[in-house]
Amino acid sequence: LLLPWAALLAGMLGGALVAMATVVASHGLAAWLQLPWAVLLLAGAALLARLSLGLVLALAWLSPLLLLTMAASAWLKRWGVPVLAAATLAGTLLLDKRLAQPVVQPTLNLLTSEALQALLRLESLHLGTVRNADDVHAFLQGLPAQLLHEAVSTVGRAATPAFALALATAALGFWLLVLRRQRGS
């Protein structure tokens, strides 16, 4: 979590510097000084908080894949990833076709789509309403409230049996890692 958060913070700071340089280069220092800083800083802080929450939720959704890959690598060494990839491919191509209800491909689709949706659902932010500078100002003023509403919705989407099963599978992967560590490498 620390590395993605550091990358997010670096990206936000870098974006702010690029935006500042663009405004100064295009319109001069006076225009930069006249920007609505309270609105910009509040919107930026709200976006940073929402993206931080999104990273945690996205990694939680992807944790079964990550921890099972780590467990396979711990138990099978360099064969771990190829064996896991072959098992996933076999499950998708062979097992899913023989079952009345496919399991492997829909599970992978669910985990990845929920992880992407957890980061930030842009369609919920009403970006289509922004057409001119006044619209941008109004949008930025309402952004913290929109992001809060979207964050509550995203956390609510995680309150599902699928998320609980994903966390249980991640716990199994972690347990397999601990078990391998206890038995020695």
Side-chain angles (χ1 to χ4, degrees), residues 1-23 31-71 88 102-175 177:
L1 279 176
L2 293 179
L3 185 60
W5 275 338
L8 175 63
L9 185 59
M12 292 286 287
L13 291 174
L17 289 174
V18 168
M20 178 184 74
T22 302
V23 168
W32 182 77
L33 292 171
Q34 293 174 354
L35 288 174
W37 285 104
V39 172
L40 289 173
L41 291 175
L42 186 60
L47 184 61
L48 181 63
R50 173 58 188 92
L51 289 173
S52 296
L53 172 67
L55 279 174
V56 171
L57 289 173
L59 286 174
W61 276 108
L62 294 175
S63 63
L65 301 175
L66 298 170
L67 285 166
L68 289 176
T69 301
M70 291 172 63
T88 303
V103 175
V104 179
Q105 187 65 44
T107 301
L108 293 173
N109 289 344
L110 175 76
L111 291 175
T112 54
S113 69
E114 289 294 335
L116 287 172
Q117 292 292 317
L119 283 173
L120 183 61
R121 292 186 358 225
L122 290 177
E123 66 272 4
S124 68
L125 296 182
H126 312 294
L127 291 170
T129 61
V130 177
R131 299 200 194 322
N132 56 38
D134 292 332
D135 291 345
V136 171
H137 189 266
F139 174 77
L140 288 175
Q141 281 181 323
L143 187 62
Q146 287 184 33
L147 289 171
L148 178 62
H149 181 267
E150 200 271 335
V152 169
S153 171
T154 300
V155 170
R157 286 174 52 96
T160 62
F163 188 65
L165 189 57
L167 292 179
T169 305
L172 172 67
F174 184 75
W175 177 75
L177 278 171

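Side chains are part of it too, since the values below use all heavy atoms of this structure and drop only hydrogens, waters and symmetry mates. Just so we're clear, the structure is a prediction, and the values are computed from it rather than from any experiment.
Once rounded to the nearest 0.5 Å, the distance linking CG of L62 with CG of L116 reads 8.0 Å. Atom CG of L172 is separated from atom CG of L67 by 9.5 Å, given to the nearest 0.5 angstrom. Rounded to the nearest 0.5 Å, atoms OG1 (T169) and CZ (F174) are 15.0 Å apart. For the atom pair CZ (R157) and CG (L57), the distance works out to 11.0 Å, reported to the nearest 0.5 Å. Atom CD in Q117 sits 11.0 Å away from atom CG in L110 (nearest 0.5 Å).
The two residues V23 and A31 make their nearest non-hydrogen contact at CG1-C, 4.3 Å. Of all heavy-atom pairs spanning A118 and A58, the tightest one is CB-N, 3.8 Å. In plain terms, the two heavy atoms of P64 and A166 that are nearest each other are CG-O, 3.1 Å.
W5 is listed as a side-chain neighbour of V56, based on a closest heavy-atom distance under 4.5 Å. Between L65 and L108, some side-chain heavy-atom pair lies under the 4.5 Å cut-off. Inter-residue side-chain proximity for Q146 and F139 is flagged as met; some heavy-atom pair is nearer than 4.5 Å. Contact of the L17 side chain with the L13 side chain is not registered, since no non-hydrogen atoms from C-beta on lie closer than 4.5 Å. No side-chain heavy atom of E114 sits under 4.5 Å from any side-chain heavy atom of T160. Two residues are said to be in side-chain contact when any heavy atoms from C-beta on lie closer than 4.5 Å; L42 and L140 fail this criterion.
Sparse packing is recorded around CE of M70, with 12 or fewer heavy atoms of other residues, nucleotides or ligands lying under 6.0 Å away.
Partner of L53 under the side-chain contact (heavy atoms from CB on, under 4.5 Å) criterion, out of T154, V155, L48: V155 alone.
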Item to check | Residue pair L147, L120: steps toward the side-chain contact (heavy atoms from CB on, under 4.5 Å) verdict | outcome: CA-CA 9 Å; L147 289 171; L120 183 61; 3.9 Å; yes
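Between the side chain of R50 and the backbone N or O of L119, at least one donor-acceptor pair lies under 3.5 Å.
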